[in-house]
Each structure stands twice: as C-alpha cells, then as structure tokens.
A.B. asks: 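Right, I'll just put the structure down here and ask away after.
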Amino acid sequence: MAAALLANVLYSTGFVLEKRALAALPDVDIRRPARLLRLVLGSPLWIGGSLALAAGFAAQLAVYRTLPIAAAQGIFVSGLVLLVLLSSRLLGEETTGRERYALGAILAALLMVVLSLNEDSDTVSHGAPAPLILTVCLPTLSLGVWLYGAAERRSRNRHRMPTTGVEYGVAVGLLYGVSSLAIKGVSSRLTAHDPGGAVLALLRSPYPYLLVFTGAFGLVMSQAALQRCRASLIVPVCTTVTSLFTAVLGTLAFGEALPHDPVRLALRLAGTALAVAVLLAMPKHDEAPRPPIGAKELTPP
C-alpha cells in the first residue's frame with residue numbers, strides 16, 4: 001500500500017513537471033522524434049519529471065509483487081486527485097464543471113472496484129502464458145498507434161475545434177496498459193534466489209521487449225500529446241484507460257480469478273462499466289472562449 005501511494009505521488013509530480021517543461025519548449029512533432037528527444041533532454045525540468053516517473057515505475061514493480069492487479073489499479077487511480085490539484089496549483093489549469101463531475105464519477109467507479117477486493121481470498125499471480133500475453137498485447141498496441149495517428153490527422157485540420165485530448169489519452173493509455181502488463185510480468189520473474197536464471201528467463205519472455213516498445217513509442221506520443229492538451233484531463237483519461245485495461249485483461253491473462261461473492265462481483269463489474277461509460281461521455285473538445293460581456297460582434301461591411 002505504501003509503495004502504491006508513493007508511486008501515485010511520483011507519477012503525478014513527474015507528469016506535472018514534464019508538462020511545465022514542455023510549455024516552455026518549441027512545438028514538438030511525433031513525426032520528428034529525434035528533434036523531440038533533443039529538445040526534452042535539453043530541459044533540466046523535464047529530466048527531473050522523467051526521473052520522478054522512473055522512480056514511480058520502480059515503486060510499481062514492488063506493488064505488483066504484493067497486490068492483485070485489480071487492487072493495484074484501484075489505488076493507482078486514486079492519484080488522479082493529486083494530479084488535478086497539482087495541475088491547478090502549478091500549471092494554472094482549470095477543469096470545467098462537467099469534467100469535475102466526470103472525474104468524481106471515475107473515482108466513485110474505482111472505489112467500487114476497491115470495495116470488491118478481499119484480502120483473504122484474492123490471489124497474486126506470478127505468471128501468464130506468453131502466447132496469451134502476445135494475443136492480448138499486440139492488437140492493443142496496433143489499436144493505440146492507429147488511434148493516435150487518427151487524432152493527429154484530425155488535429156492538422158485548421159477548421160477543427162480545440163481538442164481536450166481525450167483521444168490522445170485513450171491511445172497513450174492503451175500503450176501504457178500493455179506496459180503495465182509487462183511490468184507485472186517482469187516483477188513476477190525478479191527473484192533473489194537465482195539472479196542469473198531470472199535474467200535468462202526474463203529475456204526469453206516477451207515482457208522486456210514489450211517494455212522497450214511501449215517505452216519508446218509511449219515517450220514520443222505522450223510528450224507531443226501532453227504539450228498540446230491539459231495535463232489535468234489527458235493524464236486522468238490515460239490513467240483510467242490503463243487501469244481498466246490492466247485490471248480487466250490483466251486479471252484474466254494472469255489468472256487472478258474474479259470474486260465469487262455476488263455482491264463483490266457486482267461491485268467490480270458495475271465499477272468497470274461506470275468508468276467506461278464516463279470515459280465515453282467526456283467532452284472531446286474544449287469550449288470556445290466566450291466574448292466579454294458588452295463586446296460588439298465584428299461583422300464584415
């Protein structure tokens with residue numbers, strides 16, 4: 001539990017620092033990844049944020065060794081409250097009333113998931129068949145990259161409405177969902193009894209290669225999206241998608257059984273359905289700024 005809460009603080013701090021650093025940089029473009037990396041690596045503030053995220057990754061490894069996947073995701077998503085507060089204080093970002101209600105509903109949904117857990121009966125799995133992991137992850141990676149590309153094409157339309165970043169958040173969230181399953185797989189193979197054998201077993205598994213792919217693509221995609229959109233919205237959407245993907249498909253892939261008690265099962269399924277429904281209902285575009293009261297509308301002669 002302590003490691004999960006620490007991971008929340010580190011992830012929220014890291015995203016806010018990166019967002020603040022990106023605001024001071026020239027526009028980055030996913031089609032020019034070398035330039036993007038050169039720009040961000042030249043920013044000490046961005047490096048500080050990335051180090052915080054790396055430390056959160058280390059804390060996440062510890063969490064997956066001791067908690068069921070669904071329980072871990074419920075705790076991780078509670079960090080959204082801290083992220084919104086930091087974004088408001090340090091970035092000056094304000095959420096709309098509709099977005100605040102949506103975030104509240106997401107937290108309520110994930111509270112339902114947490115209440116569905118039972119420490120005595122829930123088990124922590126330490127392995128999953130590699131073919132099953134690849135069957136789950138490869139289509140997800142393809143879908144995430146395709147969604148991001150579609151959002152990029154729409155963003156280049158000069159007549160588009162300002163985007164909130166929901167589409168970017170869903171795309172990056174799918175990649176990070178795969179990364180989360182890979183972290184779970186890596187944590188299950190880390191052992192102090194036979195370090196050499198553990199390393200060989202890890203290299204024979206798909207997990208390190210999934211981490212490399214999602215790390216490289218996720219870095220480029222997330223930085224471009226984070227620069228264009230509000231952190232207070234894109235990060236919660238990304239986190240929700242990641243958590244739902246990991247909790248649902250990760251639980252099935254790693255064989256961590258769903259609750260047998262009808263009430264707990266209903267809580268978990270209803271919480272998952274509510275989170276998905278809220279995500280689908282969130283606004284896709286920012287509202288256009290309203291003209292000041294009393295201002296005259298300019299019309300052509």
Side-chain angles (χ1 to χ4, degrees), residues 7-8 11-12 14-16 18-19 30 53 56-57 60 64 69-70 72-84 87 95 99 102-103 105-107 109-110 113 133 136-152 154-155 163-184 210-211 213-253 271-284:
N8 281 346
Y11 279 135
S12 297
F15 278 122
V16 169
E18 286 189 348
K19 171 66 176 177
I30 191 175
L53 292 176
F57 166 81
Q60 194 175 358
Y64 280 142
I69 291 175
Q73 297 312 307
I75 299 171
F76 287 147
V77 178
S78 66
L80 294 179
V81 175
L82 177 61
L83 184 280
V84 172
S87 297
T95 55
E99 290 166 356
L103 291 175
I106 287 175
L107 290 176
L110 292 160
V113 173
I133 290 295
V136 169
C137 293
L138 293 182
T140 303
L141 292 175
S142 300
L143 178 60
V145 172
W146 180 83
L147 283 175
Y148 194 97
E152 281 284 281
R154 281 190 289 272
S155 71
T163 180
T164 59
V166 171
E167 294 167 313
Y168 287 113
V170 172
V172 177
L174 290 174
L175 261 72
Y176 284 165
V178 172
S179 180
S180 189
L181 290 190
I183 293 172
K184 169 68 175 177
L210 289 173
L211 275 178
F213 182 89
T214 55
F217 276 76
L219 172 64
V220 174
M221 292 164 59
S222 64
Q223 298 312 303
L226 195 59
Q227 187 183 59
R228 298 169 189 168
C229 310
R230 285 178 288 137
S232 56
L233 188 67
I234 189 173
V235 176
V237 170
C238 176
T239 303
T240 301
V241 172
T242 298
S243 297
L244 288 173
F245 174 86
T246 307
V248 176
L249 294 181
T251 295
L252 297 175
T272 301
L274 176 59
V276 172
V278 171
L279 185 64
L280 294 174
M282 290 184 76
K284 304 299 186 298

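No hydrogens, no waters, no symmetry mates; every other heavy atom, side chains included, goes into these values. Throughout, residue positions are numbered sequentially from 1 according to the sequence presented.
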A.B. asks: Quick one: side chain to side chain contact (heavy atoms under 4.5 Å, CB included) partners of Leu219, sequence neighbours excluded?
C.D. replies: Leu37, Trp46, Gln223
A.B. asks: Among all residues two or more places apart in sequence or in another chain, which pass the side chain to side chain contact (heavy atoms under 4.5 Å, CB included) test with Leu53?
C.D. replies: Tyr11, Phe15, Glu18
A.B. asks: Rounded to the nearest 0.5 Å, what separation is found between the CG atom of Leu138 and the CG atom of Leu143?
C.D. replies: 12.5 Å
A.B. asks: Identify, with sequence neighbours excluded, every residue that meets side chain to side chain contact (heavy atoms under 4.5 Å, CB included) alongside Thr242.
C.D. replies: Tyr176, Ser180, Cys238, Thr246
A.B. asks: State, to 0.1 Å, how close Gly144 and Met221 come at their nearest heavy-atom pair, and which atoms those are.
C.D. replies: O-CE, 4.2 Å
A.B. asks: Carefully, step by step, assess Leu174 and Leu141 under the rule side-chain contact (heavy atoms from CB on, under 4.5 Å).
C.D. replies: CA-CA 7 Å; Leu174 290 174; Leu141 292 175; over 6 Å; no
A.B. asks: Quick check: closest heavy atoms across Thr214 and Ser179, and the distance to 0.1 Å?
C.D. replies: OG1-CB, 3.4 Å
A.B. asks: If a pair satisfies side chain to side chain donor-acceptor pair (under 3.5 Å) and one of its residues is in residues 137-149, list it, with sequence neighbours excluded.
C.D. replies: none
A.B. asks: Under the ring-ring contact (aromatic ring centres under 6.0 Å, His included) test, which residues partner Phe213, sequence neighbours left out?
C.D. replies: Phe217
A.B. asks: So how far is it from Leu147 CG to Glu152 CD, rounded to the nearest 0.5 Å?
C.D. replies: 12.5 Å
A.B. asks: Could you tell me which residues satisfy side chain to side chain contact (heavy atoms under 4.5 Å, CB included) with Cys137, sequence neighbours excluded, listed by chain and number?
C.D. replies: Ile133, Val178, Leu181, Leu210
A.B. asks: How far apart are the closest heavy atoms of Lys19 and Leu226, and which atoms are they?
C.D. replies: NZ-O, 2.7 Å
